[in-house]
Amino acid sequence: MVIQRAVWVLFLWPYLLTCSLPLDCREDHGSFSRCPSISQEKLLDRVIQHAELIYRVSEESCSLFEEMFVPFPLQLQRNQAGYACITKTLPIPSSKSEIQQISDKWLLHSVLMLVQSWIEPLVYLQATLDRYDGAPDMLLNKTKWVSEKLISLEQGVVVLIKKMLNEGMTTTAYSEQGLLQFDGQPEMLESVMRDYTLLSCFKKDAHKMEILLKLLKCRQTDTYNCA
């Protein structure tokens, strides 16, 4: 099963890299001038496509890590122990009723909070995965790709906020400080479980980003029938 999945992922990976539209909003001098030249509708479509790909690749990365490093008893242990995700304390709506009640502004800021809160943890994850014996290049490359695309997604969401809400460029930033704290070099088992939790939580939050952005898109086209 692991071999079949690895072969399938290896076949699909080049396609994922080539089919995604670019979302880098920064020019060489650092200004946001590319995305503002795109219409609001097309920019939202690109942001959604980016979020979809990030979630898909994060799901594959989590499954690959699980199959290679996390025996089934440890998977049960994580579920039973109820490891908390680092974004649990963020004011992100979770229930269907809460999401339906918030404004477009809060939908976008919720996505931005999630994106920004994961940028540094994914940098950490890249570093710690490099220390694993036998970590496949596929897993390392996927993690690096997601980390880079998350920064592009942040840029796109920031410009989208400016376009949709007619606001100045937002300076709100949600750091991992206070959310993500690590002490020294952990034991191997602890490190595996911690990284597994990070991957699982990011996959969950990446899916939430996609859902919120698609709800926003629905509101732009069909105000009364968006669930």
Side-chain angles (χ1 to χ4, degrees), residues 20-27 30-59 85-123 145-180 201-227:
S20 59
L21 292 173
L23 188 60
D24 187 1
C25 297
R26 291 186 185 274
E27 298 286 4
S31 65
F32 287 80
S33 56
R34 290 177 182 168
C35 285
S37 65
I38 304 173
S39 70
Q40 177 180 306
E41 181 181 3
K42 288 184 178 180
L43 178 57
L44 180 55
D45 287 340
R46 290 193 182 186
V47 167
I48 290 173
Q49 185 192 45
H50 237 60
E52 288 174 339
L53 282 171
I54 287 173
Y55 170 61
R56 189 188 311 172
V57 176
S58 70
E59 191 174 34
C85 293
I86 61 173
T87 54
K88 184 178 180 180
T89 59
L90 293 179
I92 306 294
S94 55
S95 69
K96 185 176 180 180
S97 60
E98 288 176 332
I99 292 174
Q100 288 176 335
Q101 292 174 14
I102 64 174
S103 64
D104 291 355
K105 176 178 179 178
W106 265 108
L107 278 178
L108 280 172
H109 280 292
S110 294
V111 172
L112 187 60
M113 278 191 283
L114 287 171
V115 170
Q116 291 178 333
S117 67
W118 275 107
I119 289 175
E120 289 302 322
L122 287 184
V123 171
W145 183 88
V146 168
S147 182
E148 292 172 349
K149 294 306 176 185
L150 197 65
I151 294 174
S152 296
L153 182 61
E154 178 196 24
Q155 296 171 4
V157 171
V158 166
V159 177
L160 192 58
I161 289 174
K162 183 181 180 182
K163 279 179 171 289
M164 295 187 67
L165 307 178
N166 196 27
E167 294 182 351
M169 198 62 68
T170 180
T171 57
T172 303
Y174 296 87
S175 171
E176 88 289 356
Q177 295 178 359
L179 297 177
L180 185 65
C201 289
F202 177 70
K203 178 183 74 171
K204 177 182 177 182
D205 283 345
H207 192 213
K208 185 175 291 186
M209 295 174 206
E210 178 187 346
I211 289 173
L212 293 177
L213 287 167
K214 286 183 175 179
L215 175 59
L216 180 62
K217 173 70 174 180
C218 180
R219 287 182 177 182
Q220 305 300 307
T221 57
D222 191 0
T223 306
Y224 299 104
N225 294 300
C226 298

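Rounding to the nearest 0.5 Å places CG of D104 at 11.5 Å from CG of L212. In this structure, OG on S110 lies 11.5 Å from NZ on K105, to the nearest 0.5 angstrom. In this structure, CG in L215 is found 10.5 Å from NZ in K96, a value given to the nearest 0.5 Å. With rounding to the nearest 0.5 Å, the separation of CG in L150 from CD in Q155 is 10.5 Å. For the atom pair CG (L216) and CG (L108), the distance works out to 5.0 Å, reported to the nearest 0.5 Å. Interatomic distance, L107 CG to L112 CG, rounded to the nearest 0.5 Å: 12.5 Å.
Side-chain contact between I92 and T87: absent, with no pair of heavy atoms (C-beta onward) separated by less than 4.5 Å. Between W118 and C201, some side-chain heavy-atom pair lies under the 4.5 Å cut-off.
Between the side chain of S39 and the backbone N or O of K42 there is at least one donor-acceptor pair closer than 3.5 Å. Q100 places no side-chain N or O within donor-acceptor distance of the main-chain N or O of S97, the cut-off being under 3.5 Å.
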Set out, in order, the CA-CA distance, both residues' side-chain angles and the distance that settles side-chain contact (heavy atoms from CB on, under 4.5 Å) for W106 and M113, then state yes or no. CA-CA 10 Å; W106 265 108; M113 278 191 283; 3.6 Å; yes

Checking Q220 against E41 for the side-chain hydrogen bond (donor to acceptor under 3.5 Å, both in side chains) test, could you report, in this order, the C-alpha distance in whole Å, the side-chain angles of both residues, the deciding distance, and whether it holds? CA-CA 9 Å; Q220 305 300 307; E41 181 181 3; over 6 Å; no

Taking it one step at a time, do Q40 and L44 satisfy side-chain contact (heavy atoms from CB on, under 4.5 Å)? CA-CA 6 Å; Q40 177 180 306; L44 180 55; 5.6 Å; no

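Among all heavy-atom pairs drawn from S152 and H50, the shortest one is CB-NE2, 3.6 Å. The two residues V115 and L153 make their nearest non-hydrogen contact at CG2-CD2, 3.8 Å. Heavy-atom minimum distance, L53 versus W145: CB-CH2, 3.8 Å. When all heavy atoms are compared, the tightest approach of K203 to S58 is CA-OG, 3.7 Å. The heavy-atom pair separating S117 from I86 by the smallest distance is O-CD1, 4.1 Å. Residues G156 and L43 come closest through the heavy atom pair O-CD2, 4.1 Å.
By the 4.0 Å N-to-carboxylate-O rule, E52 lies too far from R56 to be salt-bridged with it.
Scored by the side chain to side chain donor-acceptor pair (under 3.5 Å) test, K217 finds D45 as partners (sequence neighbours excluded).
The residue from H207, M209, K208, K204 that alone fulfils the side-chain contact (heavy atoms from CB on, under 4.5 Å) condition with Y55 is H207.
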